[in-house]
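Residues: numbered from 1 along the sequence shown. Side-chain atoms are counted along with the backbone in the values below, which use heavy atoms only and exclude waters and symmetry mates.
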Amino acid sequence: MLKLTGAIIVSTPQQVALADARKGIDMYQHEKVQVPILGLVENMAWFTPAELPQNRYYIFGREGCKQLAEEMNVPLLAQLPLVQSICDNGDQGTPVAANPDSVSGLAFINLAQAVVTVVNRLKSGSC
């Protein structure tokens with residue numbers, strides 16, 4: 001009953017997850033569905049331990065969503081790190097996005113801004 005603006009596909013960078021993301025993109029782009037893909041989000045793009053915030057460990061693969069975005073010609077909206085504070089803050093009712101000074105908070109704020117930008121382009125017809 002609500003008008004759907006578009007879909008955001010979220011995946012981890014590993015190949016099996018990317019295969020499901022590709023199926024999701026294909027489903028939304030099917031002639032009978034025709035829902036615009038606003039973009040891809042790579043969740044758990046890398047692991048960053050709290051005690052080594054500059055280190056990145058690519059546990060699930062590296063830049064899989066970036067490659068899929070290029071292949072499917074859709075925007076890569078964000079690559080979100082895997083950090084303990086995302087879980088901890090969510091459980092405490094204080095989302096990490098509420099702290100724009102943290103790396104994780106900034107990543108979520110940038111994601112929100114990217115979504116707004118893509119939706120505005122879509123609505124203006126320049127996308």
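- Here the CG atom belonging to L106 is positioned 10.0 Å from the CG atom belonging to N99, to the nearest 0.5 angstrom.
- Minimum interatomic distance between S102 and G105 (heavy atoms only, all atoms of both residues): OG-N, 2.8 Å.
- A search for salt bridge (charged side-chain N to carboxylate O under 4.0 Å, His left out) contacts involving E71 returns R22, not counting sequence neighbours.
- Residues satisfying the side-chain contact (heavy atoms from CB on, under 4.5 Å) test with N55, not counting sequence neighbours, are L52, Y57.
- In this structure, Q15 places its CD atom where only 12 or fewer heavy-atom neighbours from other residues, nucleotides or ligands lie under 6.0 Å away.
- In this structure, V96 is a member of the same hydrophobic cluster as L77, with clusters built from ILVMFWY side-chain heavy atoms closer than 4.5 Å.
- Put simply, the residue from L111, V115, V118 that forms a side-chain contact (heavy atoms from CB on, under 4.5 Å) with I8 is V115.
- Follow the hydrophobic side-chain contacts under 4.5 Å out from W46 and you never reach L76; the two are in separate clusters.
- Remark: E51 CD is packed, more than 12 non-hydrogen atoms of other residues, nucleotides or ligands lying under 6.0 Å away.
- Considering all non-hydrogen atoms of both residues, P13 and G61 come closest at CG-O, 3.5 Å.
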Could you pull out every donor-acceptor pair under 3.5 Å between side chains of residues 27-44 and any protein atom, sequence neighbours left out?
{"unit_1": "H30", "atom_1": "ND1", "unit_2": "K32", "atom_2": "N", "d": "3.0"}
{"unit_1": "Q34", "atom_1": "NE2", "unit_2": "E31", "atom_2": "O", "d": "3.0"}
{"unit_1": "E42", "atom_1": "OE1", "unit_2": "Q79", "atom_2": "NE2", "d": "2.9"}
{"unit_1": "E42", "atom_1": "OE2", "unit_2": "G64", "atom_2": "N", "d": "3.0"}
{"unit_1": "E42", "atom_1": "OE2", "unit_2": "C65", "atom_2": "N", "d": "2.7"}

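- Taking OG1 of T48 as the reference point, atom CD1 of I86 lies at 9.5 Å (rounded to 0.5 Å).
- Taking CG of N73 as the start and CD1 of I25 as the end, the distance is 10.5 Å to the nearest 0.5 Å.
- Cluster annotation: L4 is connected to V74 through the hydrophobic network of ILVMFWY side chains, with a link wherever side-chain heavy atoms come within less than 4.5 Å.
- Note: the hydrophobic cluster containing F60 also contains F47 (ILVMFWY, side chain heavy atoms under 4.5 Å, direct or indirect links).
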